[in-house]
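First comes the structure, then the notes that go with it.
These values consider heavy atoms only, across backbone and side chains, with no hydrogens, waters or symmetry-generated copies. Note that the numbering runs from 1 along the sequence shown for the chain.
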Amino acid sequence: MSTTTTTAASADNADGSASRSIAAVERAMDVLLLFGRVGRPDLGVTEIAAELGLTKAAVHRILTALRNRDLVTVDPTTRRYALGHAAVALGRAYLARTDLRAIAAPELRRLSEETGETATLSIRRGDMRLYVDQVVPEQELRLEVQLGTPYPLHAGASSKAFLAFLGEDEIEVYLAKHALTALTEKTIVEDAALRLELAAIQRRGYATSMGERQVGAASIAAPVFDHDGHVIAVLSAAGPLSRFKPRMSECADRLLAAAARVSGHLGYHPG
């Protein structure tokens, strides 16, 4: 065989080997991503093979390689696999560099465009809530919020969206610690009435307000959840009461979709 022929054959072999290696890596990534996608804590070999269209032998080889790197772990009794501590460390590293405002920014722009109103992002600081970003529409009559100003958790849509999804124990602690001070004549100031309102918010998934925090303003707000299912932020759409009130319910689905996308970026997968 000539030198040229030998060199060409070697190159073909190298290309083939590289292609197989890339395919193996892609299959291993598919297995890892499956654990994050299915919402179950562990998976069996048969389940993985069926979900990804692989043979059980191929799945066994992939899982063995992943176990060697502590990316998955196996229960010796059930022979079911779960994410290992190395995979958890990767997730934490991602979350540590996550910029909530950067993630939410495109959703705020889209929400403002879709509703024609001001879209805001709020975070919680202790028992208070504050705006950290907003996108304002190009309308003559519009709302603008004050970034960084703290507000109580019982008044207004964004505040109530936080309070409603904190969990029953935290809600009770808040109510025990704080008087329900009126910010406007529409603010809910009775414990029983607020509890009923929070239950309604939990059922429909979003909060509404018509002048509870700011006279003449209407708003809807939905929670953003982190990878552990804790409410970490709130998105809202708000506008002048006369214009936005008749359109609040029709804008709710777009608000919920935006909040769900931000939650998904933070690793939240509803069960």
Side-chain angles (χ1 to χ4, degrees), residues 100 104 108 111 115 117-134 136 142-226 228-249 251-252 255-256 258-259 262-263 268:
L100 179 60
L108 291 181
L111 185 60
T115 63
E117 303 294 353
T118 299
T120 73
L121 173 69
S122 293
I123 62 171
R124 180 186 171 199
R125 285 291 179 265
D127 287 343
M128 305 296 282
R129 187 268 311 174
L130 53 111
Y131 295 109
V132 293
D133 204 359
Q134 67 178 319
V136 181
R142 63 196 186 190
L143 287 183
E144 291 191 44
V145 301
Q146 192 167 1
L147 302 184
T149 299
Y151 298 104
L153 294 182
H154 69 276
S158 292
S159 291
K160 291 187 299 182
F162 268 115
L163 191 58
F165 292 96
L166 287 182
E168 294 305 318
D169 290 344
E170 287 184 273
I171 291 172
E172 291 305 317
V173 169
Y174 180 86
L175 292 176
K177 286 171 59 180
H178 300 280
L180 303 184
T181 305
L183 302 188
T184 74
E185 64 178 15
K186 298 293 185 180
T187 305
I188 299 174
V189 294
E190 299 292 337
D191 281 13
L194 183 60
R195 284 191 176 92
L196 289 174
E197 173 74 356
L198 297 178
I201 293 167
Q202 292 165 4
R203 287 194 299 272
R204 65 174 173 255
Y206 66 94
T208 64
S209 171
M210 286 171 279
E212 292 180 21
R213 186 190 64 78
Q214 181 178 352
V215 175
S219 61
I220 52 177
V224 170
F225 299 103
D226 67 10
D228 288 324
H230 299 135
V231 57
I232 192 174
V234 165
L235 296 186
S236 80
L241 183 63
S242 59
R243 184 175 69 214
F244 192 43
K245 179 181 176 181
R247 302 173 48 243
M248 288 167 65
S249 58
C251 293
L255 170 69
L256 289 169
V262 177
S263 298
Y268 176 67

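A222 approaches A259 most closely through the heavy-atom pair CB-CB, 4.0 Å. Nearest heavy-atom pair, R213 versus G156, reported as atom, atom and distance to 0.1 Å: CB-CA, 4.1 Å. Nearest heavy atom pair, residue S209 against residue A157, reads CB-N, 3.3 Å. Of all non-hydrogen atoms in A252 and Y206, the two that sit nearest each other are CB-CZ, 3.5 Å. Nearest heavy-atom pair, A218 versus L241, reported as atom, atom and distance to 0.1 Å: CB-CD1, 3.6 Å. Nearest approach of L143 to A217, heavy atoms of both residues: CD1-CB, 3.6 Å.
Between the CG atom in L194 and the CD1 atom in I171 there is a gap of 8.0 Å [rounded to 0.5 Å].
Residues that satisfy the salt bridge (Lys or Arg N to Asp or Glu O under 4.0 Å) test with E212, not counting sequence neighbours, are K160. Residues satisfying the side-chain hydrogen bond (donor to acceptor under 3.5 Å, both in side chains) criterion with S263, sequence neighbours excluded, are absent altogether. D127 pairs by the salt bridge (Lys or Arg N to Asp or Glu O under 4.0 Å) definition with R124, K177, not counting sequence neighbours. Partners of E170 according to the side-chain hydrogen bond (donor to acceptor under 3.5 Å, both in side chains) rule, which considers only residues two or more places apart in sequence or in another chain, do not exist here. Among residues two or more places apart in sequence or in another chain, the salt bridge (Lys or Arg N to Asp or Glu O under 4.0 Å) test is passed with R142 by E144.
The environment of D228 atom CG is dense: over 12 non-hydrogen atoms of other residues, nucleotides or ligands sit within 6.0 angstrom. Shown here is R243, whose CZ atom has more than 12 heavy atoms of other residues, nucleotides or ligands within 6.0 Å.
A cation-pi arrangement is not found for R247 relative to F244, the charged atom failing to lie both closer than 6.0 Å to the ring centre and inside a 45° cone about the ring normal.
Remark: side-chain polar atoms of H154 are paired, donor with acceptor, to backbone N or O of T181 under 3.5 angstrom. In terms of modelled atom types and a separation under 3.5 Å, the side chain of S158 and the main chain of V234 share no donor-acceptor contact.
Here E168 does not pair with R195 in a salt bridge; the nearest charged N to carboxylate O distance is not below 4.0 Å.
Within the structure, ring-ring contact (aromatic ring centres under 6.0 Å, His included) contacts touching residues 171-202 (residues at least two apart or in different chains) are Y174-H178.
Y151 and Y131 have perpendicular rings, their planes meeting at more than 60° on a 0 to 90° scale where under 30° would count as parallel.
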